[in-house]
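Notes follow once the structure below has been shown.
No hydrogens, no waters, no symmetry mates; every other heavy atom, side chains included, goes into these values.
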Amino acid sequence: MTAPEFANAVWRKSTRSNGTGQCVEVAVLGEAIAVRDSKNPEGHMLLLRPANWSKFLVNVKSGMFDPQ
């Protein structure tokens with residue numbers, strides 16, 4: 001990925017955001033999905049292949065990452 005690809009990214013905030021400051025943002029960047037912390041948009045981000053992003057979403061929706 002090049003800097004211009006990130007500069008032109010359209011970031012979407014999680015629909016689960018509820019004003020607590022614990023938000024993530026996601027952008028589709030051609031052949032990758034970028035995920036970042038909405039409180040630190042200039043910080044690190046994760047880049048995932050679309051297939052891995054889909055698997056992650058399935059696990060989130062199944063409750064795999066919910067606190068016990």
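- A ring-ring contact (aromatic ring centres under 6.0 Å, His included) check over residues 24-46, counting only residues at least two apart or in different chains, returns nothing.
- Cluster partners of Val10, using a side-chain heavy-atom cutoff of under 4.5 Å among ILVMFWY residues and allowing indirect links: none.
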Side-chain donor-acceptor contacts of residues 49-56 below 3.5 Å, not counting sequence neighbours, with atom names and distances?
{"unit_1": "Ser54", "atom_1": "OG", "unit_2": "Pro50", "atom_2": "O", "d": "3.2"}

Show, in sequence, the C-alpha distance, side-chain angles and deciding distance for Val24 and Asp37, and conclude whether the side-chain contact (heavy atoms from CB on, under 4.5 Å) test is met. CA-CA 5 Å; Val24 295; Asp37 182 345; 5.9 Å; no
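- Put simply, the side chain of Ser38 never gets that close to the backbone of Glu25: no donor and acceptor are under 3.5 Å apart.
- Summarising the geometry of Trp11 relative to Met45, their closest heavy-atom pair is CH2-SD, 4.0 Å, with the distance given to 0.1 Å.
- In this structure, CG in Asn8 is found 10.0 Å from CG in Leu29, a value given to the nearest 0.5 Å.
- Heavy atoms only, all atoms of each residue included: Ala32 and Leu47 are closest at CB-CD2, 4.5 Å.
- Val58 forms part of no hydrophobic cluster, judged by ILVMFWY side-chain heavy-atom separations under 4.5 Å.
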